[in-house]
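Letters A, B, ... are given to chains in the order of the sequence lines, protein chains preceding strands, and every chain is numbered from 1.
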Amino acid sequence: MKDHQGEHFLDAGFWRAFWVMAVISVLLMAVVVVYPIDRWFLPEASTVSTKIDFLFKFSMFFGVPILVYVNGFLIYFSLRYRRSKNDHPDAVGSAIHDHRALETWWTIIPALLMVVLAVLSYFVIPLYYPTNQVAASAVTMEAIGHKFYFEFRYPGLKNSVLNEMHLPIGVPVTLDITSYEQSTDTENEAVIHSFWVPEFRLKQDMVPGMVVPIHFTPSELGTFHIVCSEFCGLGHSHMWGKVIVQSRADFDKWYADQQRAELASAAGVRPISLAGGNPAAGETLFNSKCVVCHNAAPFAQRKVGPGLGNLFHDAGHPRLVNGKEATPEDVAEIIEHGAHGDMGVMPDMRANGLTPKDVANLVAYLQTLRK
Amino acid sequence: MEPIIHSTVEVGRVPSGHIHPPPDTFIKKYVFSLDHKVIAVQYFITSGLFFVLAGLLAELMRAQLAGPNNHVLSATTYNEAYSVHGSAMVWLVVIPLLTGAFGNLVMPLQIGARDVAFPWLNMISFWLFPPAGILLFGSFLFGAPQAGWTEYPPISLQMPFGTSMWCMAIFLIGVSSTITGINFLVTIIKMRAPGMTWTRTPLFVWATGVTAFLSFIATANLSAALAGLFIERTFGVPFYDPLRGGSPVLWQHVFWFYSHPAVYIMILPAFGIVSEIIPTFARRPIFGYKAIAYSSVSIGLLSFMVWAHHMFTSGLQHWEQFLFMALTMIIAVPTGIKIFSWIATLWGGKIRLSSPLLFVLGFLSTFTFGGVTGILLASVPVDIHEHASYFVVAHLHYVLFGGSMFGIFAGVYYWWPKMTGRMLDERLGKWHFWLMFISFNATFLPMHWIGLQGMPRRVAFYDPIYASTNLFVSISAFVLGLSMLIFAYNALRSAKHGEVAGPNPWGARTLEWMIPSPAPYYNFADIPIVLSGPYEYGTPLPYANVTQDHATVPLH
Amino acid sequence: MASHAIAMDDLQYKEVAGQRLLGFLFFLISDCVIFGSFIFVYLYDRHASPVWPPAGAERPDVYLAAVNSIVLFGSGATMHYAMEAIRHANTRRFTAFTVATIILGLMFLSGQAYEYTHLHDTWAGNLFGASFFTLTGMHGFHVFVGVIFLITVLIQTLRGTYTPHRHFGLTAATLYWHFVDVIWVALFFLFYVY
């Protein structure tokens with residue numbers, strides 16, 4: 001057995017390469033922990049966000065030298081140990097094919113890193129879910145996934161709030177997460193959604209038939225995203241919401257407004273005013289929400305529901321009025337209350353997350369769609 | 001070195017030594033062939049076709065995602081596109097290529113056999129494949145599946161008939177996979193040439209053996225899961241529908257119990273290919289042969305224990321989350337051992353940077369990156385944030401494209417001469433590699449970023465803040481698709497203009513290189529007798545019964 | 001299969017039979033996994049349901065099933081004796097025991113059919129019916145295939161295909177029949193006892 005590289009396993013060239021890679025690793029590791037890399041991440045808006053980012057940085061801290069050395073050595077060895085023109089055609093490399101110490105260390109060190117990561121992660125997991133002590137102090141509310149919006153039920157409020165979750169800063173919350181289970185004649189509503197607030201580093205699948213409580217404490221003021229992250233149907237791409245974290249005072253004011261509105265609506269039904277509808281705002285809204293199911297095109301060009309082009313001047317929109325052309329009030333009524341028909345179910349304005357102003361804007365826009 | 005032969009009888013009369021008369025009709029030669037090498041070519045061609053189709057679906061998806069609110073595809077068609085893309089790539093491309101194509105082409109030759117244990121079943125395995133593909137792509141006519149390759153109920157219960165076709169398609173390919181797994185494992189256990197003890201068996205054969213085991217154990221479970229979904233959709237039998245008392249999470253358990261071993265089915269043979277190519281092009285023994293062989297077995301066994309790491313946000317108990325996190329991290333260790341061993345094989349070599357090795361180097365770089373992001377995802381809290389985001393899309397493509405596909409291309413360039421008798425053009429190969437490697441990273445590296453920034457997967461429209469990154473990704477994806485044309489041209493060109501290949505153009509030492517290229521239908525004139533392991537460069541070839549002049553020095 | 005056409009000597013046959021046996025065993029293992037998956041589904045549903053059996057579900061009669069089980073296990077015994085007979089080249093005994101096995105197998109299937117038609121549960125009615133009919137139905141299908149298998153090997157035996165030393169087809173059929181018995185043990189326990 002001949003070793004064509006001579007007796008020394010690792011020569012000066014090897015160590016030079018090793019130290020160059022060490023420097024690169026240290027620089028990158030410094031970017032990870034000293035810079036630190038979280039500057040590029042989303043805001044850490046819940047008390048658990050910092051812990052997740054820490055685990056991420058821990059893994060990247062050790063991942064970086066692994067990547068640098070693997071890539072570095074594969075480049076270095078490929079170039080350094082290239083067959084040269086002077087070599088005999090069937091020249092062979094070193095016969096050394098094991099090294100107990102090296103193999104032991106490259107087994108033990110990654111295994112140890114895994115153990116540390118597992119242990120660190122172990123202590124973070126329960127922070128997402130209510131433990132007995134913390135749950136006792138937390139405000140409990142519900143988040144229910146629907147096609148295609150988020151419904152929030154607050155303690156003390158009769159009506160749900162759709163798509164916007166207002167929260168006071170610093171107050172621990174237990175959120176009971178589930179998915180709507182009913183189904184209508186034409187549409188089976190029960191699907192899995194997923195409640196993801198990237199800034200909170202928080203996600204929980206909304207599974208019909210299960211209620212999973214999760215726990216968090218918002219730690220920054222601001223407006224953050226809720227993203228549905230489990231495919232739930234045609235509207236999945238548009239299933240977005242907001243978390244609005246406010247000061248205690250602002251939140252209390254919002255909550256009081258909700259209660260007042262409940263009392264007011266219990267007293268009577270307000271018709272939606274179409275005055276001052278903005279067609280441009282309506283167009284933006286149409287292109288973000290309605291296009292899931294409707295085209296701004298002739299009636300026959302249906303997507304899920306019929307095309308809405310020339311809506312007000314086309315008696316061929318038979319579902320709207322009996323043989324007559326539709327009026328703005330007719331259209332507003334349909335947007336407000338939804339519709340059941342042969343083509344399926346159109347959700348009502350609450351389900352679509354529309355305010356009365358939105359309805360006015362949409363009607364104004366639809367009026368501009370002439371043939 | 002003393003040969004280890006089990007009995008004099010084995011040396012005197014070699015088992016499985018008889019040669020059948022050659023097939024005579026066109027149908028027997030090329031259509032319903034029983035020859036593993038022809039069946040391998042059939043798999044290569046069929047999978048190649050589905051690779052193009054699934055790749056085109058990906059390009060359509062990227063065209064839609066080039067802007068936040070494009071109208072290239074409707075929401076429905078986009079959903080169908082990613083679902084069929086994923087299903088086709090897993091079940092019609094990567095698994096058939098690595099098992100049906102490479103397993104068939106290389107494994108029997110490497111063990112010195114004339115064919116697999118059950119050639120007729122091998123033919124049946126292949127012929128289940130085109131109908132499965134027709135059913136899957138045909139589903140576009142009936143409302144293709146939309147809920148991804150994972151088809152979670154309840155939504156998959158509500159989808160049109162195409163989802164039932166998906167069930168049928170995957171069931172068929174599952175039967176094919178099961179039969180192939182049984183066939184290959186029996187072949188490897190029972191038909192190795194005399195003297196080929198386990199520790200003299202090439203590492204691609206080890207990898208194929210473990211993969212075969214996973215194939216017939218895990219796939220059976222998938223068949224049950226799919227049958228359940230199908231009968232629930234068709235006959236209303238309740239298993240998964242929560243409105244009928246069933247459980248959607250149950251589907252996830254049963255589905256992932258198969259699908260996690262499935263990803264190892266998709267990578268272990270690629271590991272085997274890498275283990276063959278590096279010693280050949282470094283012209284030195286593989287470092288840590290036993291470690292690589294045993295780590296394959298441990299990865300195979302562990303693969304059955306980690307499935308619920310796909311379900312950390314599904315509502316599991318905390319102890320379940322912790323258990324699966326721990327087991328997932330354990331499986332990283334044998335994988336790391338392999339990567340370090342391969343790199344140690346490059347040390348001290350006499351390296352030729354030919355195309356097969358370039359693809360292996362690309363594999364090492366990208367698969368390691370995918371492995372590191374996998375460890376990140378193994379941590380439950382990090383996964384809670386990153387699950388179902390573009391971070392996972394990035395991870396899975398780094399391991400499945402960076403890992404499996406680069407491994408597949410490495411194997412194609414390596415065994416092309418053995419399969420066709422012609423060499424692929426080296427310069428075109430290098431162009432293909434560099435363009436593919438650079439555009440691959442340009443496509444998938446930025447996805448980690450947008451995933452961390454909050455972009456979910458399976459969406460046709462997205463928040464405009466991700467627009468510039470998505471546009472960059474889409475352009476890179478287009479270039480990635482173009483890079484395949486270089487390979488296609490190279491492959492077609494080689495038929496007439498490729499250099500004629502001798503038996504052993506790379507100067508390798510495993511048995512497939514000891515016979516002419518392409519191999520004759522009977523493989524070996526005499527069954528070889530194996531005296532030592534196949535990677536001991538610098539020593540005489542360890543075979544008896546093999547004509548020495550077939551073992552030429554490399555010319556490339 | 002091509003190998004029938006080639007005259008094999010004993011050593012070759014032993015080798016081929018060994019390969020086929022291993023392949024057949026792997027097949028039976030994968031079949032066990034399919035049953036195992038549906039058994040997992042049943043156990044999961046059972047433990048995840050707040051109430052079991054689900055409202056309106058009728059538990060099937062354990063006595064009928066016990067009688068049917070004895071019939072099936074009896075057929076396993078008769079098949080065992082049939083294999084003994086062929087090893088001693090006693091074709092008449094073999095035929096008798098194999099026919100007995102087939103008859104007992106058909107009796108088992110009739111017992112299942114009787115039970116199916118007298119049970120109020122339906123396949124699609126509730127979670128119990130779903131798992132019960134799927135699993136016992138799959139098992140019944142396997143018994144049916146087993147009966148066909150046995151008829152086939154019986155015909156082959158009468159034609160003189162097998163010898164005391166060369167009878168892989170019989171070995172496979174017997175193994176398959178015992179496998180069907182073992183699965184039934186699990187299903188009996190699961191649906192009638194537990």
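- Looking at His238(A), the atoms closer than 4.5 Å to chain B (heavy atoms on both sides) all sit in the side chain, from C-beta outward.
- For chain B, the nearby parts of Trp106(A) are the backbone and the side chain; heavy atoms of each come within less than 4.5 Å.
- With a 4.5 Å cut-off on non-hydrogen atoms, Glu103(A) touches chain B through its side chain but not through its backbone.
- At a threshold of 4.5 Å between non-hydrogen side-chain atoms, the residues Leu117(A) and Leu113(A) do not count as touching.
- Of the two parts of Ala147(B), the backbone and the side chain both hold a non-hydrogen atom closer than 4.5 Å to a non-hydrogen atom of chain A.
- Under 4.0 Å is where a charged nitrogen must lie from a carboxylate oxygen, and between Asp90(A) and Lys350(B) no such pair does.
- Inter-residue side-chain proximity for Leu445(B) and His448(B) is flagged as met; some heavy-atom pair is nearer than 4.5 Å.
- Neither the backbone nor the side chain of Met311(B) comes within contact range of chain A; no heavy atoms are under 4.5 Å apart.
- In terms of non-hydrogen atom pairs under 4.5 Å with chain A, the most contact-rich of Pro242(B), Ala75(B), Pro381(B) is Pro381(B).
- Taking the side chain as every heavy atom from C-beta outward, Lys147(A) and Val191(A) approach each other to under 4.5 Å.
- Interface summary for chain B: among Ile75(A), Val212(A), Leu42(A), Thr107(A), the most heavy-atom pairs under 4.5 angstrom belong to Leu42(A).
- Between the side chain of Thr178(A) and the main chain of Val211(A), no donor-acceptor pair closer than 3.5 Å is present.
- For chain A, the nearby parts of Val382(B) are the backbone and the side chain; heavy atoms of each come within less than 4.5 Å.
- In this structure, the ring of Phe312(B) has its center no less than 6.0 angstrom from the ring center of Phe324(B).
- For Trp40(A), the parts lying under 4.5 angstrom from a heavy atom of chain B are both the backbone and the side chain.
- Counting heavy-atom pairs closer than 4.5 Å to chain B, the top residue among Tyr76(A), Trp240(A), Phe58(A) is Trp240(A).
- Proximity to chain A is limited to the side chain of Tyr82(B), based on heavy atoms less than 4.5 angstrom apart.
- With a threshold of 4.5 angstrom between heavy atoms, Phe56(A) approaches chain B through its backbone and through its side chain.
- Both the backbone and the side chain of Val70(A) come within contact range of chain B, each with at least one heavy atom under 4.5 Å from a heavy atom of that chain.
- Remark: Asp176(A) engages no residue in a salt bridge (charged side-chain N to carboxylate O under 4.0 Å, His left out) (not counting sequence neighbours).
- Side chains of Tyr390(B) and Tyr466(B) form no contact here, defined as non-hydrogen atoms less than 4.5 Å apart.
- Note: Leu353(B) leads Val372(B), Ile286(B), Leu353(B) in heavy-atom pairs under 4.5 Å with chain A.
- Contacts of Glu230(A) with chain B are made by side-chain atoms alone, with heavy-atom separations under 4.5 Å and no backbone atom involved.
- Of the residues considered (Phe73(A), Phe41(A), Tyr128(A)), Tyr128(A) shows the highest number of contacts with chain B, using heavy-atom pairs under 4.5 Å.
- Per-residue heavy-atom pair counts under 4.5 Å with chain A were compared for Ala388(B), Ser314(B), Gly245(B), and the maximum is reached by Ser314(B).
- Residues Leu65(B) and Tyr462(B) are in side-chain contact: their nearest non-hydrogen atoms beyond the backbone lie under 4.5 Å apart.
- The cationic group of Arg509(B) does not satisfy the cation-pi geometry with Tyr535(B), failing either the under 6.0 Å distance to the six-membered ring centre or the 45° limit from the ring axis.
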